[in-house]
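So the structure is just underneath, and the comments pick up after that.
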2 protein chains.
Amino acid sequence: MKKVTIKDVAKAAGVAISTTSNALNGSSLVNEETRKKILAVAKELNYVPNLNGRYLKTGKTKMLCFITSNVRGPYFYMLVESMCHECERLGYGMNLIVTKDKNVIMNHMVGQGFDGVFIYEGERIQEQELKIIDQSRVKTILLDRSYSSEFISSLVFDSYQAGFYVTRYLINLGHQRICFIEGADDVYDSIERKRGYIDALKAYDIPYDEDLIIRGYFEETYTYNSVTTMLRIENVALPDAFIAGNDLSAIGCMKALKALGYEIPKDVSVVGFDDIEVAEYLSPSLTTIRNPIDRQGVQAIELMMRMIHHNEKGRVEQLKGELIPRKSTGICLRK
Amino acid sequence: MKKVTIKDVAKAAGVAISTTSNALNGSSLVNEETRKKILAVAKELNYVPNLNGRYLKTGKTKMLCFITSNVRGPYFYMLVESMCHECERLGYGMNLIVTKDKNVIMNHMVGQGFDGVFIYEGERIQEQELKIIDQSRVKTILLDRSYSSEFISSLVFDSYQAGFYVTRYLINLGHQRICFIEGADDVYDSIERKRGYIDALKAYDIPYDEDLIIRGYFEETYTYNSVTTMLRIENVALPDAFIAGNDLSAIGCMKALKALGYEIPKDVSVVGFDDIEVAEYLSPSLTTIRNPIDRQGVQAIELMMRMIHHNEKGRVEQLKGELIPRKSTGICLRK
DNA sequence: TATGATATTAGAAACGTTTCTATTACCTCT
DNA sequence: AGAGGTAATAGAAACGTTTCTAATATCATA
């Protein structure tokens, strides 16, 4: 009942180990006759190569690693789905680490012998630590922030462009007083979307108004409270439209507006970012920007393969989003 | 810039490789003085053990594998989240394979040297193939069907009980004519839920009526059509309540009922199974059975560890669900 | 002062591959 | 017939560990 090794196959086929190895790996050195015999014997014995042996020798593990702090929501599963499929296709394994612990991350980066590592939601990873990662020479791709060094690439959505598009879309519908609900100060996506928002206003000569910037922290409840506070406590006049930092935030925003008695999109328009699953089922359904997540997945693997096999240096790549118009936005009806 | 190995550490510390290995692994053989020195040197050189070398020698990989055909939805992420956390805690890696291809599955089962494998949504895996898996002696846990053999365990929700509970709940609300919308014939969960439904009827002396069994295949659209057909084409009188095979099916059912002009729960009650994320956001919110998914995750790992370390034989374990009453069910108002 | 016993360290084999080098057998050419 | 080339195969080293066995030093005991 012992594991059958290449040695057993060699013996059973009456050839040397090296010949067996060559035959199994499709080397052109070995005679067609013997190859056939060896393959037959291997199959008959149910031989499966021991990967530890192989990888020890070759120095590769054919193992990638996906480190993430958050496994919930459509973003994650779409990403992981496309990445896993690509891995499978290319004969790579994909290890999954779910953690927020920076030590765990760093430990897995340098210690586990992965051929490459993807990091999503590593906002907490400091420049300092990226340096260490770079020194460890592990091929790394950041999926949620823009950075590059010798061994580190990133592949992010063009949140700036998304922010710009969405704002322009609202402006084209006639909206002028547009409120932006931002996330946290140090979150790449939030910063970039806001930058796009501001530049779009500028492009259409609409004055930027500090009072129309509030915080939502990408959360439903927080946004709900912020919007309510803005309109009821601070008595800011109802803006023409709200740009929420993401879809979750948009949900909170819509709930708050409804609770205050406003109708969407008659009285006010709302947009989000991400196009999460429920966006389409909300009432009204939510206008949002959809990111080509599956494309990010396969492109990330492609980039990784180039880094692994052709020693391509780290670089930054960007992906463009797509506006999905639904029922939460409409023409501005106010004079 | 070469990888530093145990040999380098040994040389730098001026001791033998074996001593180094022992020191690093906390063997009591080595003198406290030398251990300290070796650890210091190892740290100084940034030594990280090569896992392929170690695993080749020890025959273990400390690597588990999660094979699934479907990575979408809350069920998956809750499961994977809890499992990954447990793995991390125990020093195991978790490989993720997303595939529907049986050959891929079988290949990964026997070939990749995982210490253990979890399979979710392997409905297609036949008895025949389970035999092969068993012969490969890879410790395996099935997460979605009930089966056991020497090296195969399963850890499933008690769908029979869930079906029974839900039916009893409706009966207690006064419903008598209860329609059951089943999934596919060969799906474990569907079979068991229906069995629970039938037994609950029996327990309360309510006659089982063939006409009240329709198909939904766990899908929204299919269910929508089935319900519509039942009520409009076949002109079956509106049942008091519908038990949908899962929440998705319940959504289709509710849409169909609304489209036909019925009010939920005034005219008719609807329940589902799973408690998916949107269940709570539907209108009316959906009464359903929630399974303790995170518990399934940690319990699965526990079971796996027992199989790996204590060579526990394969077995079947079950988890109980919890009824979540919401607004889609109400007291039966019909005479 | 020999004699074990003990504590510590060193040496070497082994895990299962791949791959470099060596060997063999056969063939072609002069 | 011998030289040289080619095709096929065999042998052996190496990858980085762990672990078994051997060696050495120290020490208490008789």
Side-chain angles (χ1 to χ4, degrees), chain A residues 1-42 45-63 91 93 110-115, chain B residues 1-39 41-42 45-63 91 93 110-115 136-138:
Chain A
M1 259 312 179
K2 269 204 72 254
K3 259 297 186 200
V4 20
T5 74
I6 199 173
K7 211 184 290 184
D8 303 315
V9 178
K11 195 186 292 179
V15 297
I17 293 179
S18 49
T19 308
T20 312
S21 176
N22 281 328
L24 258 21
N25 292 321
S27 157
S28 64
L29 287 173
V30 28
N31 181 282
E32 200 47 45
E33 288 291 292
T34 39
R35 146 167 299 124
K36 271 192 197 133
K37 182 167 64 179
I38 290 172
L39 291 186
V41 170
L45 294 183
N46 265 316
Y47 167 71
V48 273
N50 177 309
L51 297 184
N52 286 319
R54 172 177 296 170
Y55 297 156
L56 175 58
K57 187 69 180 117
T58 60
K60 299 273 164 234
T61 60
K62 298 272 259 177
M63 231 356 148
V110 298
Q112 307 300 94
F114 294 113
D115 287 351
Chain B
M1 257 314 180
K2 269 204 72 253
K3 257 302 185 198
V4 22
T5 73
I6 199 173
K7 213 184 289 182
D8 303 315
V9 178
K11 195 185 294 178
V15 297
I17 294 180
S18 49
T19 308
T20 312
S21 175
N22 282 328
L24 258 21
N25 292 320
S27 158
S28 63
L29 286 175
V30 29
N31 180 284
E32 200 48 46
E33 289 291 295
T34 40
R35 146 168 298 125
K36 271 192 197 134
K37 182 166 64 176
I38 291 172
L39 290 186
V41 171
L45 294 183
N46 264 317
Y47 168 71
V48 272
N50 178 307
L51 298 183
N52 285 320
R54 172 177 296 170
Y55 298 156
L56 175 58
K57 188 65 180 122
T58 60
K60 299 274 164 231
T61 62
K62 298 271 259 177
M63 237 342 155
V110 298
Q112 308 300 92
F114 294 113
D115 287 350
S136 79
R137 311 173 72 81
V138 177

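Throughout, a chain's letter reflects where its sequence line sits, starting with A, and its residues are numbered from 1.
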- How sharply is the helix from C/dT1-D/dA30 to C/dT30-D/dA1 bent, taking the axes over five pairs at either end and rounding to 10 degrees? 70°
- Item | Nearest to side-chain heavy atoms of A/Ser21, which nucleotide of C/dT18, D/dT18, C/dT9 | C/dT18
- Could you please spell out the steps behind the side-chain contact (heavy atoms from CB on, under 4.5 Å) verdict for A/Met63 and A/Leu51? CA-CA 11 Å; A/Met63 231 356 148; A/Leu51 297 184; over 6 Å; no
- Message: Here's a test of your reading of the structure: between B/Lys57 and B/Gly14, which maps to the more 5' nucleotide of DNA chain C?
- Response: B/Gly14
- Message: Rounded to whole Å, please give me the gap between NZ in A/Lys11 and P in C/dG16.
- Response: 12 Å
- Message: Let me confirm one number: the CZ-NZ distance from A/Phe114 to A/Lys62, rounded to the nearest 0.5 Å.
- Response: 15.5 Å
- Query: Under the side-chain contact (heavy atoms from CB on, under 4.5 Å) criterion, do A/Thr20 and A/Lys7 qualify, and how do the steps go?
  - Reply: CA-CA 8 Å; A/Thr20 312; A/Lys7 211 184 290 184; over 6 Å; no
- DNA chain C: 5'-proximal contact among A/Leu29 and A/Ile6 (nearest heavy atom): A/Ile6
- Item | Length of the CG-P vector between B/Asn22 and D/dT17, whole Å | 14 Å
- Could you say whether B/Leu24 or A/Thr34 is positioned toward the 5' end of DNA chain D, judged by the nucleotide with the nearest heavy atom to each? A/Thr34
- Query: Under the side-chain contact (heavy atoms from CB on, under 4.5 Å) criterion, do B/Thr5 and B/Asn50 qualify, and how do the steps go?
  - Reply: CA-CA 8 Å; B/Thr5 73; B/Asn50 178 307; over 6 Å; no
- Message: Main chain of B/Glu33, side chain of B/Asn31: is a donor-acceptor contact present, judged purely on distance under 3.5 Å?
- Response: yes
- Nearest 0.5 Å please: distance from the OG1 atom of B/Thr58 over to the CG atom of A/Asn52. 7.5 Å
- To the nearest Å, give me how far apart NZ (B/Lys7) and P (C/dA10) are. 16 Å
- Item | Between P of D/dT9 and NZ of A/Lys37, the distance in whole Å | 9 Å
- Message: What's the closest nucleotide to the side chain of B/Arg54 if the choices are D/dT18, C/dT17, C/dT9?
- Response: D/dT18
- Is B/Asn25 near enough to D/dT18 that one of its side-chain N or O atoms lies under 4.0 angstrom from OP1 or OP2? yes
- Between atom CG in B/Asp8 and atom P in D/dG16, what is the gap in whole Å? 8 Å
- Message: For the CZ atom of A/Arg35 and the OG atom of A/Ser28, what is their distance to the nearest 0.5 Å?
- Response: 8.0 Å
- Query: Which distance, rounded to the nearest 0.5 Å, do you find between the CG of A/Leu24 and the CD1 of A/Ile17?
  - Reply: 12.0 Å
- Atom-to-atom span, CD1 of A/Ile17 to P of D/dA14 - whole angstrom: 16 Å
- Task: Would you mind reading off the distance between A/Glu33 atom CD and C/dA25 atom P, rounded to a whole angstrom?
- Result: 19 Å
- Message: Looking at D/dA10, I'd like to know if its phosphate oxygens (OP1 or OP2) sit under 4.0 Å from a side-chain N or O belonging to A/Thr19.
- Response: yes
- What integer distance in Å separates B/Leu56:CG from C/dT17:C1'? 8 Å
- Message: Can you tell me if B/Tyr55 touches the phosphate of C/dT17, counting only side-chain N or O atoms and a distance under 4.0 Å to OP1 or OP2?
- Response: no
- Item | side-chain N/O A/Asn50 vs C/dC15 OP1/OP2, d < 4.0 Å | no
- Task: May I ask you to say what B/Ser18 touches in the nucleic acid, namely base, sugar-phosphate or nothing, with a heavy-atom cut-off under 4.0 Å?
- Result: base
- Query: Hey, does the side chain of A/Thr58 come within less than 4.0 Å of C/dT18's phosphate (OP1/OP2), counting only N and O?
  - Reply: no
